[in-house]
There are 2 protein chains.
Amino acid sequence: MAARAGVTKQTVSNVVSGKKVRPETLEKVNKAIAELGYKPNLVARSLRTGSTSTVGLFVPSVANPFYSEMVEEVENLLVGHGYNLLLATTRDDPDYTRAHLENLAARSVDALLAAGDNGVDQQLPMLAAANFPVALFAWEGDPPTTLPVVSIDYQHAGFLAGCHLRDLGHRNVAVVADLPAHTPRVVGLRRAFAADGLDDRKVFACTSDDAAGGFAAACAALDADPELTAIFATHDILAIGAIEAVVRSGRRVPDDVSVVGFDDIAQVGRIRPALTTVTFPKREMAQQAVELLLRAVDSGQPPTNVVSLLRPTLTVRDSSGPARRDRLAPGTA
Amino acid sequence: MAARAGVTKQTVSNVVSGKKVRPETLEKVNKAIAELGYKPNLVARSLRTGSTSTVGLFVPSVANPFYSEMVEEVENLLVGHGYNLLLATTRDDPDYTRAHLENLAARSVDALLAAGDNGVDQQLPMLAAANFPVALFAWEGDPPTTLPVVSIDYQHAGFLAGCHLRDLGHRNVAVVADLPAHTPRVVGLRRAFAADGLDDRKVFACTSDDAAGGFAAACAALDADPELTAIFATHDILAIGAIEAVVRSGRRVPDDVSVVGFDDIAQVGRIRPALTTVTFPKREMAQQAVELLLRAVDSGQPPTNVVSLLRPTLTVRDSSGPARRDRLAPGTA
DNA sequence: TTGAAAGCGCTAACAT
DNA sequence: ATGTTAGCGCTTTCAA
């Protein structure tokens with residue numbers, strides 16, 4: 001290749017990376033490049049420079065729409081910045097997480113974005129010790145001080161949902177939750193009901209983190225207290241299962257029982273009843289995280305150590321309504 | 001590192017890659033590895049061997065549940081075989097596709113799985129010329145002869161949906177379709193109605209490939225012919241929009257209008273009404289494709305040039321029912 | 001501005 | 001079974 005243009009490979013390298021080259025040399029080299037269809041070998045470049053223009057992304061699972069929407073955003077941003085996406089699913093498992101992490105390190109990725117607490121939480125020391133920038137993403141538990149976090153104010157989100165239900169007159173609310181993962185959402189909800197109190201026995205943990213799990217937990221909730229007027233599900237998929245449980249029990253949503261979800265994944269606004277849910281600024285979150293990371297990559301400095309908690313908003317649709325008057329708490333009517 | 005164990009780096013290499021080594025040497029080296037926390041540099045290995053243990057996957061978008069479920073399957077399989085996943089979204093755009101392809105080639109990925117016709121179809125020659133195995137995945141158009149294809153018999157799938165509706169007595173069916181992409185599904189449906197014919201004017205193209213698009217197209221269909229008794233949507237998301245359109249128009253599903261979808265994405269079995277749809281063997285498809293590719297990688301041979309069309313099945317739920325008797329075609333009652 | 005030399009960390013091939 | 005040599009294709013450094 002170099003010989004073809006009558007120059008050294010160094011000059012070719014200069015041309016490819018846009019360094020100062022005499023116009024006539026430039027032309028000569030570009031001609032040879034075109035003729036030979038020369039493509040620089042990025043692996044060799046990576047070996048030499050130690051950087052790969054590749055960013056790793058950990059998610060618990062891509063099948064979960066919340067995460068797949070995140071993957072979409074992150075991929076688009078990375079491509080826009082000239083980076084590649086190496087995707088790995090942690091399956092909420094510390095061992096998978098660890099294996100992926102070692103792999104990424106050995107491959108010299110430029111940065112890593114890790115979403116979801118489970119599995120990742122056990123590898124925090126190793127993540128913090130990585131020799132490339134790492135940020136936590138959609139982190140729900142107590143944020144570690146060692147790593148930057150870009151996430152959502154989950155507790156506030158739960159609070160929003162709670163206020164909504166309380167304002168509608170609901171006093172007998174059950175929670176269908178993926179626990180312990182979603183504890184902050186439940187705490188927030190509980191805060192909204194502080195004065196009236198929310199019975200611990202009204203919190204139903206799901207045995208599986210899907211619609212079937214939400215269905216089962218909601219059935220249990222309805223069995224335990226046929227008088228309840230609202231169900232808060234800690235994410236939309238569980239809410240879909242909960243709605244099914246309510247309807248199957250012969251009750252109506254929202255006339256008899258209101259259901260509120262969490263995430264605002266695509267399509268839940270179009271099913272019947274359209275789901276009332278807490279909406280996250282997903283795009284902004286992805287943007288902040290990616291920029292935090294790439295700024296660190298570009299500067300060669302460790303990433304700014306922040307905890308950035310984006311504020312969610314409530315999206316009221318058709319699945320929530322006023323509590324049944326015959327079940328209002330005394331003095332509220 | 002090598003010095004620490006008192007051997008050459010070659011011996012270390014042999015230990016790491018599990019070659020024949022004398023037990024005592026093995027122990028010595030392993031001790032040094034543990035002490036120094038030595039990790040082989042995979043980039044250097046890749047430069048030397050020309051292979052990266054990385055497989056590229058192209059999908060139009062990860063936000064679409066059909067593709068994200070595929071990504072999940074493929075990732076799991078690849079990890080199981082010791083490979084990494086480099087994910088790229090084509091956005092149905094030939095330019096993105098091309099850019100990603102050149103990038104992957106420069107990075108020496110070991111193989112590429114390309115899903116979705118749009119954008120990819122324009123880069124077929126370049127894909128076929130790649131110096132690593134490439135397979136087409138979830139390919140709906142006419143399969144090219146130059147590349148192996150692992151896909152679904154989309155036309156048969158449409159046929160299944162059509163037979164179902166015809167058997168239920170439906171004669172006045174509208175189609176809500178993402179065209180031209182989903183033409184084979186429509187052709188299959190039409191074949192089921194061959195005798196009775198399916199009017200071209202009953203096919204409504206969606207202007208956007210989401211629930212809003214399905215909603216709009218279904219509204220148009222209902223306006224054009226208030227007497228229709230069934231709508232076939234070429235995928236589930238469109239079907240969700242179509243159901244909304246039917247319900248908003250004051251009709252009931254399935255009593256007045258049946259709706260049948262396509263894909264069986266997660267959750268459509270749990271919404272109300274639970275969607276009747278055509279189910280794909282996604283896992284099998286992912287398995288076949290990944291194995292086809294990895295077999296080629298392992299053997300160093302080009303992949304077997306097959307067209308493997310998996311057979312879908314019909315999943316009947318609540319969104320389809322008998323045609324209204326007052327709208328049955330004459331002689332069918 | 002361009003050339004020459006060195007080396008990133010690994011493995012293939014051959015010699016011992 | 002282990003050591004030696006060479007080189008993958010690039011970029012960094014220094015010399016011309």
Side-chain angles (χ1 to χ4, degrees), chain A residues 1-33 35-54 82 84 102-110 131-132 297-298 300, chain B residues 1-33 35-54 82-84 102-110 130-132 297-298 300:
Chain A
M1 162 65 215
R4 171 60 164 266
V7 296
T8 56
K9 52 181 177 173
Q10 178 49 29
T11 307
V12 175
S13 174
N14 287 339
V15 169
V16 168
S17 48
K19 296 234 179 77
K20 279 247 165 288
V21 172
R22 223 190 319 158
E24 53 197 88
T25 321
L26 180 74
E27 195 181 340
K28 232 177 12 183
V29 174
N30 275 333
K31 183 153 159 279
I33 286 180
E35 281 174 14
L36 301 180
Y38 168 79
K39 293 277 157 39
N41 180 324
L42 265 26
V43 177
R45 177 182 291 171
S46 292
L47 174 59
R48 185 65 242 232
T49 62
S51 85
T52 50
S53 299
T54 299
N84 292 101
E102 291 185 343
N103 189 253
L104 292 198
R107 302 203 111 79
S108 324
V109 294
D110 290 346
N131 59 353
F132 45 83
V297 172
D298 289 344
Chain B
M1 163 64 215
R4 170 59 164 266
V7 295
T8 55
K9 52 181 178 173
Q10 179 51 24
T11 306
V12 176
S13 174
N14 287 339
V15 170
V16 169
S17 47
K19 297 235 178 76
K20 281 244 164 287
V21 171
R22 225 190 317 158
E24 54 197 87
T25 321
L26 180 74
E27 196 182 338
K28 233 178 11 185
V29 174
N30 275 333
K31 183 153 159 280
I33 286 181
E35 281 175 16
L36 302 180
Y38 167 79
K39 294 276 157 43
N41 180 325
L42 265 25
V43 177
R45 177 183 290 172
S46 292
L47 175 59
R48 182 66 241 229
T49 63
S51 85
T52 51
S53 300
T54 299
Y83 285 82
N84 292 100
E102 291 184 344
N103 189 252
L104 292 199
R107 304 202 109 80
S108 327
V109 294
D110 290 346
N131 59 353
F132 45 81
V297 172
D298 289 344

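Below, chain A is the first sequence line, B the second, and so on; all start at residue 1.
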**Student:** Table please: side-chain donor-acceptor pairs of residues 42-50 of chain B below 3.5 Å, with sequence neighbours left out.
**Tutor:**
unit_1	atom_1	unit_2	atom_2	d
B/Ser46	OG	B/Leu42	O	2.9
B/Ser46	OG	B/Ser51	O	3.1
B/Thr49	OG1	B/Arg45	O	2.9
B/Thr49	OG1	B/Ser51	N	3.3
B/Thr49	OG1	B/Ser51	O	3.4

**Student:** So, does B/Thr11 get its side chain near the phosphate of D/dG3, meaning an N or O under 4.0 Å from OP1 or OP2?
**Tutor:** yes
**Student:** Contact between B/Thr25 and B/Asn14 at the side-chain level, heavy atoms closer than 4.5 Å - yes or no?
**Tutor:** no
**Student:** Using 4.0 Å as the upper bound for N to carboxylate O, is an ion pair formed by B/Lys31 and B/Glu35?
**Tutor:** yes
**Student:** Select base, sugar-phosphate, or nothing to describe what A/Val43 touches, counting heavy atoms under 4.0 Å on all strands.
**Tutor:** nothing
**Student:** Please write out the pairs of protein N or O atoms and N or O atoms of nucleotides 12-16 of chain D separated by less than 3.5 Å, giving the distance to one decimal.
**Tutor:**
unit_1	atom_1	unit_2	atom_2	d
D/dT12	O4	A/Gln10	OE1	2.9

**Student:** Among the candidates C/dT1, D/dG9, C/dC10, find the nucleotide nearest to the side-chain atoms of B/Asn41.
**Tutor:** C/dC10
**Student:** Grab the CG-P distance between A/Leu47 and D/dT11 for me, whole Å please.
**Tutor:** 11 Å
**Student:** To the nearest Å, give me how far apart CG (A/Leu36) and P (D/dG9) are.
**Tutor:** 14 Å
**Student:** Which nucleotide, C/dT1, C/dC10, C/dG9, lies nearest any side-chain atom of B/Tyr38?
**Tutor:** C/dC10
**Student:** Among residues two or more places apart or on two chains, list those pairs meeting salt bridge (Lys or Arg N to Asp or Glu O under 4.0 Å) that have a residue in residues 14-26 of chain A.
**Tutor:** A/Arg22-A/Glu24
**Student:** Toward the 5' end of DNA chain D, which comes first, A/Leu42 or B/Arg22, by nearest nucleotide?
**Tutor:** B/Arg22
**Student:** Would you indicate which nucleotide in C/dG3, D/dT11, D/dT2 comes nearest to any side-chain atom of A/Lys9?
**Tutor:** D/dT11
**Student:** Choosing from D/dC10, C/dT2, D/dA1, which nucleotide comes nearest the side chain of B/Lys20?
**Tutor:** D/dA1
**Student:** Closer than 3.5 angstrom, by distance alone: can the side chain of B/Thr54 be matched with the main-chain N or O of B/Val109 as a donor-acceptor pair?
**Tutor:** no
**Student:** Crowded around A/Glu102 CD? As in, over 12 foreign heavy atoms under 6.0 Å?
**Tutor:** yes
**Student:** When the distance from NZ of A/Lys39 to P of D/dC10 is rounded to whole Å, what number comes out?
**Tutor:** 12 Å
